[in-house]
Amino acid sequence: MAADLPEQARVVIVGGGIMGCGLVYHLAHEGWTDTVLLEKAELTSGSTWHAAGQITQSTSSFGIGKCVGYNIDLYSGALERETGQSVTWHGCGSFRLAYTEDEMDWLRHTLSVTRALGFNAELVGPDPIAELHPFYNLDGVLGALHTPDDGHADPTGIAQALATGARQLGAKIVRRCRATDIRQEPGGDWVVETELGAIRCEHVVNAGGTYARQIGEWNGLILPMTSMTHHYFVTDTVPEFQNLDTELPVVRDDRLVSGYIRMEQKSGLIGIYEKENPNTVWEDHCPWEAENELFEADYERVMPWLENALDRMPVLAELGIKRVVHGAISHPPDGNPMIGPAPGVKNYWCCCGTQIGIGWGPGLTRELARWMVHGASDISMREFDPRRFGPYATKDWQMVKAKEDYCLRHEIPFPHFNRLAGRPIKPSPLYDRLKEKGAVYEEVFGHERPRWFATGDVEQRDYYSFRRTPVHDVVGAEVKAVRERAGIMDTSAFTKVEVSGPEAEAFLEPLVANRLPRKVGGIALTHMLNRRGRIELEATVVRLAEDRFYLVCAAFFEQRLMDHLNGHKAGRDVSIACLSEGWAALTLNGPLSRDILSACTGAALDNANFRWMSAQEIDIAGHPVWAMRLSYAGELGWELHMPRASALAVYDALWAAGEPHGLADYGSFAMNAMRMEKAFKGAGELTNEVTLPEADVMRFVKLDKDFLGKEATVASAEADLPWVCAYLMVEPDGEVDGHGGEAVLKDGRVVGTTSSIAFGHTVGQILAFAYLKPEFAEPGTALQVVIHGVPRAAQVLGQPAYDAASHLPRTDAVRTAAE
């Protein structure tokens, strides 16, 4: 055993870039100082050292925005004051330019999000840009988002300062010590083998950067990410910069440069994310001997954008290039980092896949440290959770998606942007049939799910805008069909898990906040919590037999649900089986749904024989189906679950019976609009940030039983809540309906932010959920929601906008198409 490598630690972090250094620093600040960071070379010698080091508050992601705000505070003084280590902060501000109205709309939405975050940002025209940056060619520029608190810093200085802060608190950093293997002992401890010996730990963290995927493979983990190369160029000294008193703002020119231009001391720096022919390296294996690795410049690949950059900054056009940085950066399939538990194992954490390490890293590692130490982070980690991918994420698919992501790096992030590369990967049994009928699909955990169905003159393609598109009226027609007649949706993407065995009830009861259904066929809506009382996921639980339960939740939570169940299984005589791949599901909703279903089954469907919130096994067209009488649309309806092999025949039978009644196909856009009309909370509201009292879902909680997170739930209910989920009606303007993350105001002051927002076609109003300070969440309170930079009148509602008493799902009346 090497003298500087301890035999044991609470946490071992593998990788000494910005992510590893950020995590060892924040774990120490959370009280976990018995942490060892291992780096095979010198700190930052992977991707961190060659980063351009920029950070911007120009983001439409509320979670990333929380991290960015923290990081700027850290870089601009807090970290240096704490550690004495310089990070060389340049607080020069930045502009994100817009040349088209679509880009202006993007900036307007971003301005709403930045206002909710409390950032200093404004939308400006060309004149203020020219005043602060007189050297940029503004031909064609309509405006820009100005974020004056932005800047850039020395990546190595930041990482070294974080490492210094960690050491000062007692953490240990061992350089020139490559990890060679990671294994888990039968008792649960991890052993990290290194060139200097072995170290045992309770928690292991993969912060391996471009090595993270292959490190994960040591334990059979699929951690999808691909190394993509990115160029930036440093010019010779710019004469016009010599006498400047202040540094020019960074300019992000997404359209023409597909990148950024800024000062680098008295030179120019041009960074480019080319939109064609992106370059992958180390597709299968990153060489262990790589250190401070750069690649030869590929001018041919980036030349169109480099030429545009020189046209935009004419003062750089005649200068030479004195330095080219062409280095590798990890890109996950969707561009978001991988921060959180690895799938299927305990106490193995991911801290990798971060393509914007300086901009996002420390904030994300602070949240990961809180997750590890306290059981939950303080921002929603849904978009970063490594378990958002499944076994379908093969290496070939990863490369296809990483290339797609790279090319989109400087494209407009339109609402509902549909990433089409590498699809379909998990089509449902109805995929081809529904595609022929006009389905436009989206991908959820690899599954293909219909968004909407093209009809009439509306083409079967994606329409992108921050404003209403032709799809708006199509979705309205789908909602109308469900509300007035009946609609059918392919919901096969649902996560479907069966828990069975002699101890199934005793196993599940302490894991859910509601009471399990007592009778066979009973249904309960419930939540699973962590020890902090924060929401892990929402699930529908059906009792199929005395010793058999069926759990259904959103597709995204499949691996999270499996991990949660398996993590508490020890010693229980239960079987946990994921049925998501082998089973399909259909949803039939609407006042005529009983008529349609009755024509396909001999089962009695009236209230006396098939009560609301109950399930039965019935036959449809000769196929056994589990029918569950519930409705996310808020209408009379059933969810129908069946083996995949039966799905097409069941759909065809229902369609044949329903066509005379005006049965319509509908997709997730209509489903979302209807759940908003019914005030049903979704994944945007039920996150790891919040407790059940904060989410205002205590009606699904039974405090007379014990469950994981109960103590924290009770404490939250008895405390002054920091925020609470409120239901709002917002004044529409007929053009822009909002996209989530918007600031909510009271008398001009920010009092919260929207978590979900959509137009309710039945009620003709925009509806939103928002987390507000409790004093502003009382029904009847007048507020404003900032949509595209413009405050709109809003009011807190005390009941659903549609069918407030929920009579329709419970109805026993027989309706006909004529009615």
Side-chain angles (χ1 to χ4, degrees), residues 10-11 32 182-190 201-206 216 219-223 338-351 367-377 381-382 384-391 445 495-501 503-514 516 526-539 541 549-580 686-688 691-692 706-713:
R10 186 171 204 167
V11 183
W32 281 16
I182 299 172
R183 69 177 189 275
Q184 191 166 30
E185 299 282 272
D189 280 356
W190 292 92
C201 57
E202 180 184 352
H203 298 264
V204 67
V205 180
N206 183 344
N219 299 98
L221 299 175
I222 297 175
L223 305 180
M338 302 187 71
I339 310 295
V345 290
K346 186 177 181 180
N347 292 344
Y348 186 119
W349 302 85
C350 298
C351 187
E367 297 308 319
L368 179 56
R370 290 169 170 170
W371 200 344
M372 294 172 66
V373 175
H374 306 296
S377 61
M381 300 298 283
R382 174 178 174 175
F384 316 124
D385 194 324
R387 297 169 296 181
R388 67 187 185 272
F389 301 108
F445 198 65
T495 292
K496 300 171 281 291
V497 173
E498 184 181 285
V499 178
S500 59
E503 294 188 87
E505 181 174 1
F507 165 65
L508 279 177
E509 192 70 74
L511 295 182
V512 297
N514 203 346
L516 291 176
T526 189
H527 304 86
M528 294 186 176
L529 312 178
N530 53 50
R531 66 178 187 268
R532 289 185 71 183
R534 307 284 187 85
I535 300 171
E536 286 289 314
L537 56 93
E538 179 186 54
V541 181
F549 294 87
Y550 186 61
L551 282 64
V552 181
C553 68
F556 171 86
F557 294 113
E558 180 175 304
Q559 189 61 56
R560 181 181 289 193
L561 175 58
M562 292 298 290
D563 285 352
H564 196 69
L565 294 173
N566 284 314
H568 294 90
K569 180 185 174 182
R572 292 289 192 180
D573 187 4
V574 294
S575 173
I576 301 169
C578 184
L579 306 180
S580 301
L686 305 174
T687 76
N688 61 266
T691 64
L692 298 174
D706 289 328
F707 57 88
L708 178 63
K710 177 182 175 179
E711 184 177 345
T713 301

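Sequential numbering from 1 along the given sequence is applied to the chain's residues.
Side-chain contact between L708 and H564 is present, with at least one heavy-atom pair separated by less than 4.5 Å. Taking 4.5 Å as the limit, some side-chain heavy atom of L529 sits within range of a side-chain heavy atom of I535. At least one side-chain heavy atom of T495 sits under 4.5 Å from a side-chain heavy atom of C553. Contact check for W371 versus P341: side-chain heavy atoms found under the 4.5 Å cut-off. With contacts defined as side-chain heavy-atom distances shorter than 4.5 Å, the pair Y348/Q184 does not qualify. Contact of the M338 side chain with the R388 side chain is registered, since non-hydrogen atoms from C-beta on lie closer than 4.5 Å. In this structure the side chain of N347 reaches within 4.5 angstrom of the side chain of E202, judged on heavy atoms.
When atom types are taken as modelled, the side chain of N219 and the backbone of I182 share a donor-acceptor pair closer than 3.5 angstrom. Here the side chain of E498 pairs no donor or acceptor atom with the backbone of A577 at under 3.5 angstrom. Side chain of R532 to backbone of A376: a donor-acceptor contact under 3.5 angstrom is found. Counting only distance, with no hydrogens or angles, the side chain of R534 and the backbone of S377 share a donor-acceptor pair below 3.5 Å.
Residues forming a ring-ring contact (aromatic ring centres under 6.0 Å, His included) with F507 (at least two apart in sequence, or on another chain): none. Residues passing the salt bridge (Lys or Arg N to Asp or Glu O under 4.0 Å) test with E505, sequence neighbours excluded: R518, R543. Residues satisfying the side-chain contact (heavy atoms from CB on, under 4.5 Å) test with D189, not counting sequence neighbours, are R200. With sequence neighbours excluded, the residues that form a ring-ring contact (aromatic ring centres under 6.0 Å, His included) with Y550 are H641. Residues meeting the side chain to side chain donor-acceptor pair (under 3.5 Å) test with W349, sequence neighbours left out: H203.
If you take CD on E509 and CZ on F549, they are separated by 8.0 Å, rounding to the nearest 0.5 Å. Here CD of Q559 is found 6.0 Å from CZ of F445. Values are rounded to the nearest 0.5 Å. The distance from atom CG of N566 to atom CG of L561, rounded to the nearest 0.5 Å, is 9.0 Å. Note that the CG atom of L508 and the CE atom of M528 stand 6.0 Å from one another [nearest 0.5 Å]. Rounding to the nearest 0.5 angstrom, the gap separating the CD atom in E536 from the CG atom in N688 is 7.0 Å. With rounding to the nearest 0.5 Å, the separation of NZ in K569 from OG in S575 is 6.0 Å.
Considering all non-hydrogen atoms of both residues, V205 and C351 come closest at CG1-CB, 3.7 Å. For A513 against L692, the heavy-atom pair with the smallest separation is CB-CD1, 3.8 Å. Across all their heavy atoms, L221 and A342 have their closest contact at CD1-CB, 3.8 Å. Here the shortest heavy-atom pairing between C578 and V497 reads CA-CG2, 4.3 Å. Of all non-hydrogen atoms in N514 and T526, the two that sit nearest each other are N-OG1, 3.0 Å.
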Margin query: For a side chain to side chain contact (heavy atoms under 4.5 Å, CB included) check, start with the C-alpha distance between I339 and E367, then their side-chain angles and the critical distance, and finish with the verdict.
Written below: CA-CA 9 Å; I339 310 295; E367 297 308 319; 6.0 Å; no

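Sorted by first then second residue, the salt bridge (charged side-chain N to carboxylate O under 4.0 Å, His left out) pairs that include residues 555-566, not counting sequence neighbours, are D385-R560, R387-D563.
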